[in-house]
Amino acid sequence: MMKIAPSVLTANFTNLEQEIKSIQTADYIHLDIMDGHFVPNISFGPAISKQIEAVTHLPIDVHLMVTDPLKWIPQFVFPQTKFITIHIEANHVQESVLAIQKERVGVGIAIKPKTPVRAIIPYLNDVSLILVMTVEPGFGGQSFMTEMMDKVRELVRLRKENGLNFVIEIDGGVNDETAKIAKEAGVDIVVAGSYLFNMEDRAKGIEVLK
Ligand code: DX5
Ligand code: ZN
């Protein structure tokens, strides 16, 4: 069974509490934090993230799509924060990894589609999660990049060879079809935004993805 992390980026923010309640059968809530600089979009910040955490019991999976994550990390450490993921393409990666470790939160490192797996080799021993982007970060509703499964297979191999236990998460374009491809490749957690929030019965959608 894969674990499911709905991304609230594509939720109806005028009815956010209801939207959060509708995905309580998921395993995590994925918060897409965008600074309008690292990606050409702005989403939401610490204040709204705190409000989301207050209306769910689910662990929080923070995805920082920001150029300078170091200054933001403390602001996303909530009691339920399970992972804070930074991008390998961002600034101060080493210091950010240490800062997340100091908060006693799982360290996640994300790679954009054009970034090879080898870019994160130096951090393999530090991470609890590796996020392979299956779309160019910035927007929900894009198409799944199947070729990214090669990276997943490479990470499965690296994890085994080095006796590591990070989880592999993918993010972008996940639906009932692409979730099957992800499972076969060895993905542990799928992030799904538009697939879930565009449907009526979210609990059913979550079961289908598992
Ligand atoms: C894109 C975000 C993804 C996105 C997923 O930058 O990181 O989490 O919201 O949305 P869907 O599932 O709609 O592609
Ligand atoms: Zn995301």
Side-chain angles (χ1 to χ4, degrees), residues 2-13 16 19-20 22-23 26-46 48-49 52-53 58-67 69 72-73 76 81-90 100 105-115 127-149 151-152 167-183 187-200 202 205-206 208-210:
M2 289 195 295
K3 295 211 181 299
I4 313 302
S7 158
V8 298
L9 186 70
T10 33
N12 171 1
F13 273 69
L16 191 51
E19 295 283 86
I20 301 293
S22 75
I23 49 159
D27 300 285
Y28 303 96
I29 290 198
H30 184 84
L31 303 185
D32 283 314
I33 310 305
M34 301 176 181
D35 65 359
H37 183 262
F38 184 77
V39 291
N41 193 6
I42 294 177
S43 57
F44 51 93
I48 288 182
S49 300
I52 290 171
E53 193 236 15
L58 292 178
I60 305 292
D61 173 33
V62 181
H63 177 192
L64 295 179
M65 286 166 272
V66 300
T67 301
W72 293 106
I73 287 159
F76 288 93
T81 299
K82 177 103 168 101
F83 300 112
I84 295 182
T85 297
I86 60 170
H87 268 265
I88 190 71
E89 305 91 354
I100 299 167
V105 165
V107 174
I109 294 189
I111 49 176
K112 290 185 185 180
K114 292 191 186 69
T115 303
V127 293
S128 304
L129 178 146
I130 294 179
L131 171 51
V132 175
M133 292 304 296
T134 41
V135 295
E136 198 59 41
F139 299 88
Q142 301 176 74
S143 301
F144 186 83
M145 298 168 75
T146 309
E147 65 274 28
M148 293 299 126
M149 294 305 104
K151 294 185 185 177
V152 170
V167 291
I168 300 167
E169 182 179 60
I170 62 160
D171 183 1
V174 171
N175 58 37
D176 47 332
E177 288 306 311
T178 58
K180 286 192 197 108
I181 298 168
K183 183 182 276 188
V187 168
D188 301 303
I189 306 173
V190 292
V191 173
S194 46
Y195 173 70
L196 289 175
F197 286 105
N198 289 343
M199 69 167 53
E200 276 305 303
R202 281 90 188 260
I206 288 166
V208 165
L209 291 180
K210 286 192 177 202

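Quick note: numbers below take in every heavy atom, side chains included, and nothing from hydrogens, waters or symmetry partners. All ligand and atom numbering here is 1-based and tracks the order in the structure.
A side-chain donor from one of Asp32 and Ser7 sits under 3.5 Å from a side-chain acceptor of the other.
Pocket lining of ligand 1, defined as residues with a non-hydrogen atom under 4.0 Å away: Ser7, Leu9, His30, Asp32, Met34, His63, Met65, Met133, Pro137, Gly138, Phe139, Gly140, Gly141, Asp171, Gly172, Gly173, Val191, Ala192, Gly193, Ser194.
No more than 12 heavy-atom neighbours from other residues, nucleotides or ligands sit within 6.0 angstrom of CD on Glu200.
Of the listed residues (Thr81, Ile86, Leu64), just one forms a side-chain contact (heavy atoms from CB on, under 4.5 Å) with Ile100, and that residue is Ile86.
By the 4.5 Å heavy-atom criterion applied to side chains, Thr115 and Ile88 are counted as neighbours.
Note on Glu169 versus Lys3: no salt bridge recorded, every NZ/NE/NH1/NH2 to OD/OE distance being 4.0 Å or above.
Residues satisfying the salt bridge (charged side-chain N to carboxylate O under 4.0 Å, His left out) test with Asp35, not counting sequence neighbours, are none. Residues passing the side chain to side chain contact (heavy atoms under 4.5 Å, CB included) test with Pro137, sequence neighbours excluded: Val39, Met65, His87, Lys112, Pro113, Met133.
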Determine, stepwise, if the pair His63 / Asp61 fulfils side-chain hydrogen bond (donor to acceptor under 3.5 Å, both in side chains).
-> CA-CA 7 Å; His63 177 192; Asp61 173 33; over 6 Å; no
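The distance from atom CG of Leu196 to atom CG of Asn198, rounded to the nearest 0.5 Å, is 9.0 Å.
Take the Zn ion (ligand 2) and draw a sphere of radius 2.8 Å; the protein N/O/S atoms inside it number 4.
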